[in-house]
Structures are given as C-alpha cells and as structure tokens.
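Every value quoted in this text rests on a predicted model; they were computed, and no experiment measured them. Every chain is numbered from 1, with letters handed out A, B, ... down the list of sequences. The basis for the numbers below is simple: all heavy atoms, side chains too, and nothing from hydrogens, waters or symmetry mates.
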Amino acid sequence: MLGQLFLSFVSIGALSFGGGLAALPLIQQQVVINHQWMSLTEFTNLISIAEMTPGPIAINSATFVGMRLNSFTGALIATLGCLIPSLLFVVFLGFIYFRYKELDWMKGILAGLRPAIVAMISSAGLSIFLLAIFGEAHDSFSIVSLIIFIAVFLILRLKKINPIILLLLSGGIQVVISSLM
Amino acid sequence: MKKYWKLFRIMFTLSLFTFGGGYVIVSLMKERFVDKLKWIDEEEMLNIIAIAQSSPGAVAVNGSVLVGYKIGKMRGAAVSLIATILPPFLIISIISVGYSRFSENPLVKAFLRGLQPAVAAVIADVVVSLGINVIKKKEVIYIIMMVLSFVVIYFGNVNVMFVILVSALIGFFYSRLSAKGEKRC
C-alpha cells in the first residue's frame with residue numbers, strides 16, 4: 001500500500017500545473033475515488049485544514065493522507081512522492097535558465113513573461129483583498145480589515161519592516177477583537 | 001556556512017507564516033531577498049517566479065528551490081527546500097491527529113481571518129513596486145501585456161499556463177523583431 005500511496009502522489013505532483021487549486025480535483029480523484037483512502041467529508045475537512053495551515057495545498061494533503069494511512073512513514077512517503085516530479089521539472093527548467101539566460105532569445109522570452117507574472121500576482125492579491133474586506137460570499141463589509149489593509153500597505157511603502165511581524169500583528173488584532181465580542 | 005543558516009532561517013519563517021497560496025510567499029521572498037538583503041536582483045526574482053509557475057507543483061516550493069540555487073547552488077537549493085517543506089509537514093502531522101478541534105476553534109478562525117488584510121497589503125506593496133518597474137521601461141507592448149494578462153486572468157478565469165505560453169511567445173518574437181530593426185538602422 002505504501003507503494004501505491006507513493007505512486008498516487010507522484011502522479012498528483014506531476015500533473016498539477018498552475019498551483020494549489022488546480023491540484024484539488026486530482027487529489028480527490030486519487031484519494032477519494034480511485035483508492036477510497038478517505039470519504040468525501042474527510043476530504044472536505046482536509047481542504048479546510050490545508051487552507052488554515054501554512055504551506056502548499058498539495059503538499060499538505062499528501063502529508064495528511066499519508067499520516068492517516070500509515071502514520072509518520074506514510075506522511076513522509078506521500079510528501080516525497082508529491083515533491084519529486086515538480087523538483088525534477090523545476091531543476092531542469094532552472095538549469096536551462098541559469099545556463100542560457102544571457103542569450104537574446106531567452107532574454108526575449110523572459111521579458112515577455114515578466115508583465116504576465118506581475119499580472120498574476122496582482123490578480124491573486126485582488127482576490128485576497130476582496131475576501132478580506134467583503135468576506136467569502138462578498139456580502140459583508142469589514143471596516144477593520146480595510147483599515148488594517150491601508151495601514152499595513154502604508155507602513156510597507158514607507159518603511160522596510162519585516163512583513164511577517166505585520167502579519168502576526170494583524171492576526172492578533174482580530175483575535176483580540178473577536179474575544180472581546 | 002553562515003549564509004546557508006540564514007537562508008534556512010528565512011525560508012523556514014516565511015513558510016511557517018505563509019497562509020493563502022504561493023504568491024504570498026513569493027511576495028515575501030521578494031521583500032527579503034531583493035529589497036532587504038539584495039542577494040537577488042528584481043529582474044532575476046521575476047524570472048524565477050516565471051519558472052516556478054511554469055513547472056508543475058507548488059509555486060512556493062519551486063520558487064524556494066530556485067532562490068536557494070541562485071544563492072548557494074545545489075546545497076542552497078537543498079537547504080531552501082527542506083526549510084520550506086518542514087513547517088507545513090510538521091504542522092499537518094500534528095494536526096491530523098486532532099483536526100476537528102483545531103479547525104473549529106474560534107480563535108484560530110479569528111487569527112486566520114485577521115491575516116487576510118495584511119496578506120493583501122503585502123501583495124499590493126510588491127505589485128506596486130513591480131508594476132512601476134514595468135511601466136518605467138517604457139515598452140508600450142509590455143505595459144499592454146500586463147494590463148491584458150490581468151484582465152484575462154482575473155475576469156476571464158483563463159488558465160495561467162496559457163497566459164504564460166502566449167507571453168513567452170510574444171516576448172520571443174518581439175525581441176527577434178526589434179533585434180532585426182536595430183540591425184537595419
């Protein structure tokens with residue numbers, strides 16, 4: 001079963017182009033439908049936990065499924081399986097990049113990619129901004145979040161403060177507010 | 001040795017506090033390694049993100065491997081990878097034992113909700129710096145590509161892989177064309 005666990009997550013790791021959410025249907029296919037290692041309810045719980053904890057969702061799922069099936073060994077094997085394909089791929093691309101980045105055609109490609117990357121980051125940022133201010137269903141409005149957003153943004157623009165400190169402060173403020181209410 | 005230890009510490013902390021997807025950690029990496037430590041220049045950081053996004057798997061992991069490689073070759077890549085994987089691996093291993101208690105805790109929920117506006121602000125800060133640099137280059141085609149990509153990704157739900165491929169092709173042919181133009185002059 002450990003072999004199967006490994007192979008399942010190798011295929012998830014190899015096919016999940018385009019980041020976390022793209023991997024979810026693949027994980028569901030392997031874990032819930034093909035091998036029935038988890039029920040759909042457990043899988044839904046897994047998604048909410050993966051979202052509530054730091055780290056990529058595919059890696060988190062691998063660790064979680066592995067842990068439930070075969071404790072620590074399972075977690076290790078599933079996580080490694082999930083990592084290996086993307087590592088091979090990124091090392092290969094990285095090798096080409098670091099070797100040929102001074103060539104004109106490579107410079108051209110990279111110059112074309114940069115605006116798209118800025119756009120992708122902006123798009124992810126806007127989604128998180130709207131989620132923070134208007135909630136998941138876009139039906140509420142949080143003035144506290146808006147103030148925190150503006151404050152953190154201004155602090156970061158004006159001063160080089162470690163953003164992690166600001167993240168923790170922002171989380172802490174919400175904890176204080178919700179325990180007062 | 002000191003450099004590797006510093007790399008490990010930074011990646012570990014970033015990974016530990018990065019909720020909400022690969023672009024958050026990538027924004028934080030830019031803030032640390034480009035703005036603060038100046039170990040990597042901004043253009044290279046953007047190239048690294050582009051490669052990380054073009055590979056399968058998590059952008060956070062791919063990005064950290066490439067950043068690690070840039071800083072300390074294969075050993076740097078390995079250090080960076082381990083530092084990135086360790087926090088989520090340990091946290092999930094522990095939580096998987098009593099997960100319902102964790103996910104229904106109101107304080108945990110409040111904390112996570114509280115992170116969101118700050119995360120949005122961190123990304124906004126990075127986007128403003130990056131956007132200004134694209135505009136400063138005064139290459140109209142790239143400014144148009146930036147706006148267009150944003151529109152199709154955000155409003156059109158177009159697959160980012162598609163946007164990457166098209167942008168790479170446009171970049172390739174545009175650089176060929178302008179190289180030829182220069183020769184003729």
Side-chain angles (χ1 to χ4, degrees), chain A residues 13-14 16-20 48-49 52-56 58-60 63-64 67-68 75 79 85-86 89-90 93-94 97 105 108-125 128-129 131-132 145 148-149 152-153 156-157 163-164 166-167 170-171 173-175 178, chain B residues 16-19 21-23 28 31 46-47 49-51 55-60 62 65-66 69 87-89 91-93 96 99 103 107 110-125 127 130-131 134 142 145-146 149-150 153-154 160-161 163 167-168 170-172 175:
Chain A
S16 60
F17 280 91
S48 60
I49 291 168
M52 291 172 96
T53 50
I59 305 282
N60 286 349
T63 312
F64 190 84
M67 193 75 192
R68 306 210 78 199
T79 309
S86 58
F89 208 96
V90 84
L93 280 186
Y97 164 70
W105 60 268
I109 291 179
L110 292 167
L113 285 176
R114 265 177 242 131
I117 295 299
V118 178
M120 277 170 213
I121 300 178
S122 331
S123 168
I128 298 176
F129 173 79
L131 176 71
S145 294
I148 292 178
F149 171 82
V152 174
F153 180 74
L156 286 172
R157 291 301 313 164
I164 299 272
L166 298 171
L167 289 181
S170 169
I173 291 172
Q174 196 68 44
V175 170
S178 73
Chain B
L16 187 59
F17 294 113
T18 318
F19 299 81
Y23 288 118
L28 288 164
E31 191 275 336
L46 277 173
N47 296 342
I49 301 173
I51 299 168
S55 309
V59 177
N62 296 345
V65 169
L66 292 167
Y69 183 83
F89 184 79
I91 291 173
I92 294 283
S93 299
S96 69
Y99 67 92
S103 59
L107 291 184
F111 182 76
L112 293 168
R113 170 127 183 68
L115 286 178
Q116 288 166 359
V119 166
V122 170
I123 297 185
D125 171 49
V127 163
L130 294 178
V134 171
Y142 291 134
M145 276 166 70
M146 181 167 75
S149 309
F150 177 79
I153 293 167
Y154 189 79
V160 293
M161 283 311 294
V163 176
S167 303
I170 293 177
F172 180 77
S175 72

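- Across all non-hydrogen atoms, the minimal contact from G108(A) to Y142(B) is O-OH, 4.3 Å.
- Here the side chain of R114(A) pairs no donor or acceptor atom with the backbone of N47(B) at under 3.5 angstrom.
- For the atom pair CG of N60(A) and CD1 of I91(B), the computed distance is 8.5 Å after rounding to the nearest 0.5 Å.
- Atoms CZ and CG, from F17(B) and L167(A) in turn, are 9.0 Å apart once rounded to the nearest 0.5 Å.
- Residue contact with chain A, scored on non-hydrogen atoms closer than 4.5 Å, involves the backbone and the side chain of I51(B) alike.
- For S122(A), the parts lying under 4.5 angstrom from a heavy atom of chain B are both the backbone and the side chain.
- With chain A as partner, the option from L130(B), L115(B), I49(B) having the largest number of non-hydrogen pairs under 4.5 angstrom is L115(B).
- The greatest number of non-hydrogen atom pairs below 4.5 Å with chain A, out of L16(B), I92(B), L112(B), is found for I92(B).
- Side-chain contact between M120(A) and I153(B) is present, with at least one heavy-atom pair separated by less than 4.5 Å.
- When heavy atoms are compared at a cutoff of 4.5 Å, I117(A) approaches chain B solely by way of its side chain, counted from C-beta outward.
- With a threshold of 4.5 angstrom between heavy atoms, T79(A) approaches chain B through side-chain atoms but not through N, CA, C or O.
- Here P117(B) is the residue among P88(B), P117(B), A118(B), S93(B) with the most heavy-atom pairs under 4.5 Å with chain A.
- Contact count versus chain A (heavy atoms, under 4.5 Å) is highest, among A110(B), A50(B), S175(B), S149(B), for A110(B).
- Contact annotation for I170(B): neither backbone nor side-chain heavy atoms come within less than 4.5 Å of a heavy atom of chain A.
- When the candidates I59(A), I109(A), I148(A) are compared by the number of heavy-atom contacts under 4.5 Å with chain B, I109(A) comes out ahead.
- The minimum heavy-atom distance between A119(A) and F150(B), with the atom names listed, is CB-N, 3.4 Å.
- S178(A) approaches L107(B) most closely through the heavy-atom pair OG-CD2, 4.5 Å.
- Taking both residues in full, the closest heavy atoms of P56(B) and G13(A) are given as CB-O, 3.6 Å, listed atom of the first, atom of the second, then distance.
- The greatest number of non-hydrogen atom pairs below 4.5 Å with chain B, out of S145(A), A116(A), G112(A), A124(A), is found for G112(A).
- The only member of L166(A), I128(A), L156(A) that meets side chain to side chain contact (heavy atoms under 4.5 Å, CB included) when paired with V122(B) is L156(A).
- Shortest non-hydrogen contact noted between G125(A) and A120(B) is O-CB, 4.4 Å.
- Listed options N62(B), D125(B), L46(B) were ranked by heavy-atom pairs under 4.5 angstrom with chain A; first place goes to D125(B).
- Proximity to chain A (any heavy atom under 4.5 Å) is shown, for L66(B), by both the backbone and the side chain.
- Using a distance-only test at 3.5 Å, with no hydrogens or angles considered, a donor-acceptor pair links the side chain of S170(A) to the main chain of G114(B).
- Contact of V134(B) with chain A is made through the side chain alone, with heavy-atom distances under 4.5 Å.
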